[in-house]
Amino acid sequence: HVQLVESGGDSVQAGGSLSLSCVLHGFNYPAYCKGWFRQVPGKDRERVAAIDSDGNRSYATSVKGRFTISRDNAKNTLYLQMNSLKPEDTAMYYCAADCYVHGGIWSGFGYWGQGTQVTVS
């Protein structure tokens, strides 16, 4: 079965950094296209960052310049480096996989992890 497992969430002070990881298990195909999302109560889920099979990246305006998405395909692992964290970055962060992008439009994300909490104070 397919499983995505996030880790790295923590409580940090504003201005600090965190690195999130997501290990993908059980895929019978590469599923190189992946992304990070976040959600807070009462708000819509937001795509924070995504990376396609060619390594092209997309970032939400709110995190551009502060967050970096990367991957290690050999390790089946997705990463999100978060720097200069702000209180508004507080959210549950989820990784998702099996996406595709065409003409700048990101779609798919059929598989999801259970999330890791990031709290910035």
Side-chain angles (χ1 to χ4, degrees):
H1 69 281
V2 172
Q3 186 176 41
L4 283 67
V5 182
E6 303 98 333
S7 63
D10 205 348
S11 180
V12 300
Q13 297 184 46
S17 298
L18 282 175
S19 182
L20 307 183
S21 298
C22 173
V23 180
L24 282 64
H25 303 273
F27 283 92
N28 293 319
Y29 53 95
Y32 291 145
C33 184
K34 310 171 185 68
W36 287 96
F37 296 75
R38 67 186 181 188
Q39 189 167 30
V40 299
K43 296 184 178 180
D44 292 335
R45 184 184 63 201
E46 176 187 27
R47 191 182 74 234
V48 176
I51 184 168
D52 71 9
S53 60
D54 294 322
N56 298 307
R57 296 165 169 83
S58 177
Y59 295 96
T61 300
S62 60
V63 308
K64 190 175 182 179
R66 300 188 297 118
F67 291 10
T68 302
I69 187 171
S70 62
R71 67 187 178 201
D72 186 334
N73 289 334
K75 295 181 179 180
N76 295 315
T77 303
L78 180 72
Y79 304 96
L80 184 68
Q81 178 64 46
M82 304 184 292
N83 298 324
S84 301
L85 284 163
K86 304 175 180 179
E88 51 263 44
D89 294 318
T90 296
M92 183 71 74
Y93 284 72
Y94 301 88
C95 64
D98 202 17
C99 56
Y100 55 91
V101 58
H102 187 266
I105 305 299
W106 296 77
S107 303
F109 299 105
Y111 298 93
W112 294 78
Q114 294 192 29
T116 184
Q117 179 67 39
V118 172
T119 301
V120 185
S121 61

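Reckoned from all heavy atoms, side chains included, excluding hydrogens, waters and symmetry mates.
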Point-to-point distance, once rounded to the nearest 0.5 Å, from [atom1] of [X] to [atom2] of [Y]:
X: Asn76; Y: Tyr32; atom1: CG; atom2: OH; result: 8.0 Å
X: Leu24; Y: Thr77; atom1: CG; atom2: OG1; result: 7.5 Å
X: Gln114; Y: Cys95; atom1: CD; atom2: SG; result: 10.5 Å
X: Arg71; Y: Cys22; atom1: CZ; atom2: SG; result: 13.0 Å
X: Lys34; Y: Asp52; atom1: NZ; atom2: CG; result: 10.5 Å
X: Leu4; Y: Tyr111; atom1: CG; atom2: OH; result: 10.0 Å

Scanning both residues in full, the closest heavy-atom pair of Asp89 with Ser84 reads OD2-O, 4.4 Å

Determine, step by step, whether Val5 and Ser7 satisfy the side-chain contact (heavy atoms from CB on, under 4.5 Å) criterion, reporting the C-alpha distance in whole Å, the side-chain angles of both residues, the deciding distance to 0.1 Å, and the verdict.
-> CA-CA 7 Å; Val5 182; Ser7 63; 5.8 Å; no

Other than Phe109, which residues form its hydrophobic cluster under the rule that side-chain heavy atoms must be closer than 4.5 Å?
->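 Reading the cluster by chain and number, Phe109 sits alongside Phe37, Met92, Tyr94, Val101, Trp106, Trp112.
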
Residues clustering with Leu78 (ILVMFWY side chains joined when closer than 4.5 Å, directly or via others) | Val12, Leu18, Leu20, Trp36, Val48, Ile51, Tyr59, Val63, Phe67, Ile69, Leu80, Met82, Leu85, Tyr93, Val118, Val120

Sorted by chain and number, sequence neighbours left out, ring pair (Phe, Tyr, Trp, His ring centres under 6.0 Å) with Tyr100 holds for none

Quick one: do Tyr79 and Asp72 satisfy side-chain contact (heavy atoms from CB on, under 4.5 Å)? Show the steps, please.
-> CA-CA 8 Å; Tyr79 304 96; Asp72 186 334; 4.0 Å; yes

Atom NE2 of His25: over 12 foreign heavy atoms under 6.0 Å = yes

Check whether [X] reaches the backbone of [Y] with its side chain - one donor and one acceptor, N or O, closer than 3.5 Å.
X: Glu6; Y: Gly115; value: yes
X: Gln117; Y: Ala91; value: yes
X: Asp54; Y: Asn56; value: no

With the side chain counted from C-beta on, respond yes when Arg38 and Ser62 share a heavy-atom pair under 4.5 Å apart, and no when they do not.
-> yes

